[in-house]
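Reading through the structure tokens given below for one structure.
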Amino acid sequence: MSAFNKAALMTCTMAMRSIARPTLVRSAFKTSGVRSLATVADTVFASSAAPKKPLAQTFSAPYQFDSEAPKAVPAALKLKSGHVFTGTSFGAPMSSFGEAVFTTSLVGYPESMTDPSYRGQILVFTQPLIGNYGVPSQEKDQFGLLKYFESNKIQCQGIVVNDYATKYSHWTAVESLGEWCAREGIPAISGVDTRAIVHLLRDQGSTLAKLEIGDEVLENKEVVEFPNPNIRNLVSEASTKEVYELNPLGDVKIALIDCGVKENILRCLVARGAAVTVFPWDYDFNQVMDQYDGLFISNGPGDPRAASKTVQNLATAFKNPAPKPIFGICMGNQLMGMAAGLDVYKLQFGNRGHNQPAVNMQNGRCSITSQNHGYALEDSVLSAPGSVVQGWEKYFVNANDGSNEGIRHLTKPFSSVQFHPEAKGGPQDTEYLFDEFLNLARAEKVKHSQKPFYVAEPLSVSKKVPAEVIA
Ligand SMILES: NC(=O)CC[C@H](N)C(=O)O
């Protein structure tokens, strides 16, 4: 764990302790002079002591941390189920719609919010204190990839937090979370009981929602229609429109199908020496695979059934008698599974967080993984006798809910995982899967380079040389 993660974890632990022992924690903060944390402890204590009201009428009064802060703008999270949570706006002064989902991750809000897989979603953070380390810059690395974000803009439709930290501090920070949201036109609400929201989303499932800001909240009109982002082709919206190359001098050539790829997947590939060509989601890669040593299918937003073209292309690739290695992550796992003949279904509330246990079915080893998905492969047929899905086996399984975490082919170099080995944020314990994939691709390259390059029958050439020239 990095020093930064440790600091963030300590902040969280301190805030959580304050719920159990508020008096003690408050006096400790006062003597050490940490004024902003003392205020957090007060707030958590005050809200947990508040009388319980029916959820539909939940109202969190707008509050301010800082007496110099501008006047609070009202905000409301309205769920399709009729539940309304009111609080304070700290982002863009505009309303938005989306599917409300929650993440249990403790850190990594800049990464999560720019992860294209969150497109169309309103993100509820269960971590109570958000914004305390601000937002980094758009600085790029030597490959031209963003250093600190997973794409070049905020992808989610809005964010919901319990306590927004108005004061931030981090060596990479260039602005506050609120400034970033306002600049990018993304609404944000704080001062709501995120525990109550998560209970609802867990019990009734991910729910369509609206984030209302400003006067609209005061008008308190009923929302008549909640547009469902999952009926759009979000993959097509998030995917690159043009083919582009990264690290062209890399020693192994990978074709990457961009369904909404996270920057850290690209970083993980180029950092290991791969030359990566990124293709749009519907590109018929089978036409160009002879120029590549391996194929990668990325993560992406929304319902995987929207990417049926990628599924068709994969089904064709699977039939290739001389198959190249293929590896997929998250949406990539779902698309590869569908191409293999598996069904996909929507989970009740999805798995989003940094501590999801995935058990490797080959060796029983469990890895703690980073995840962000609402759909899953129906993999029970893989172990069923006489299954129509031949040649594939379960690769990883989620130890919490038994859902699919990966599949692999029994004889061909095809595999995929539902979790995120590239993390960002979250544990990097499964990053070795990038090495395994690139090792297979390098072996493929060697196999091809062993095909005859030399001129056949060299002796017959010398025989034809006229005698007088040799002399
Ligand atoms: N991270 C991802 O690739 C998510 C895949 C898909 N959109 C899901 O929610 O299941």
Side-chain angles (χ1 to χ4, degrees), residues 98-105 108 111-124 149-151 155-157 201 205-208 228-240 256-266 268 278 281 296-311 314 327-339 342-354 356 358 369-379 396 398 400-401 403-407 415-426 430 433:
E99 178 190 9
V101 299
F102 65 89
T103 173
T104 59
S105 55
E111 291 92 332
S112 294
M113 289 169 66
T114 54
D115 177 347
S117 298
Y118 278 113
R119 204 178 168 85
Q121 298 177 337
I122 293 174
L123 188 52
V124 181
F149 295 111
E150 292 309 304
S151 72
Q155 299 277 354
C156 61
Q157 293 293 112
L201 298 183
S206 305
T207 306
L208 297 178
N228 182 359
N230 296 315
I231 60 171
R232 306 200 319 249
N233 189 341
L234 295 170
V235 168
S236 148
E237 289 178 25
S239 176
T240 180
L256 183 143
I257 305 309
D258 176 9
C259 299
V261 68
K262 283 175 69 182
E263 208 84 342
N264 205 38
I265 288 181
L266 301 172
C268 282
V278 183
W281 68 283
F296 191 102
I297 315 295
S298 86
N299 65 294
D303 189 334
R305 288 165 285 210
S308 54
K309 276 192 188 159
T310 320
V311 174
L314 278 166
F327 185 53
I329 288 180
C330 207
M331 171 72 84
N333 180 55
Q334 296 162 0
L335 300 180
M336 284 178 66
M338 287 163 75
L342 295 172
D343 285 335
V344 77
Y345 66 99
K346 199 166 192 321
L347 294 160
Q348 168 91 344
F349 49 82
N351 285 331
R352 296 178 184 85
H354 295 164
Q356 286 289 330
T369 65
S370 175
Q371 300 201 9
N372 161 23
H373 64 109
Y375 295 83
L377 285 176
E378 168 52 80
D379 68 358
F396 286 89
N398 188 306
N400 282 346
D401 61 10
S403 63
N404 177 265
E405 292 288 359
I407 54 170
S415 66
S416 54
V417 291
Q418 188 58 52
F419 53 85
H420 287 269
E422 83 285 358
K424 284 285 173 189
T430 50
L433 290 167

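We count ligands from 1, going down the list as the structure has it; atoms in each ligand are counted the same way.
- When the salt bridge (Lys or Arg N to Asp or Glu O under 4.0 Å) test is applied to Glu237, the partners found at least two apart in sequence or on another chain are Arg119, Arg232.
- There is no side-chain donor-acceptor pair under 3.5 Å between Gln418 and Asn404.
- Remark: Glu99 engages Lys346 in a salt bridge (Lys or Arg N to Asp or Glu O under 4.0 Å) (not counting sequence neighbours).
- For ligand 1, the protein residues placed under 4.0 Å by at least one non-hydrogen atom are Ser117, Asn299, Gly300, Pro301, Gly302, Cys330, Met331, Gln334, Asn372, His373, Gly374, Tyr375, His420.
- Formation of a donor-acceptor pair under 3.5 Å by the Thr207 side chain with backbone atoms of Leu201 is not found in this model.
- Remark: Phe419 engages Phe396 in a ring pair (Phe, Tyr, Trp, His ring centres under 6.0 Å) (not counting sequence neighbours).
- No side-chain heavy atom of Ser298 sits under 4.5 Å from any side-chain heavy atom of Lys262.
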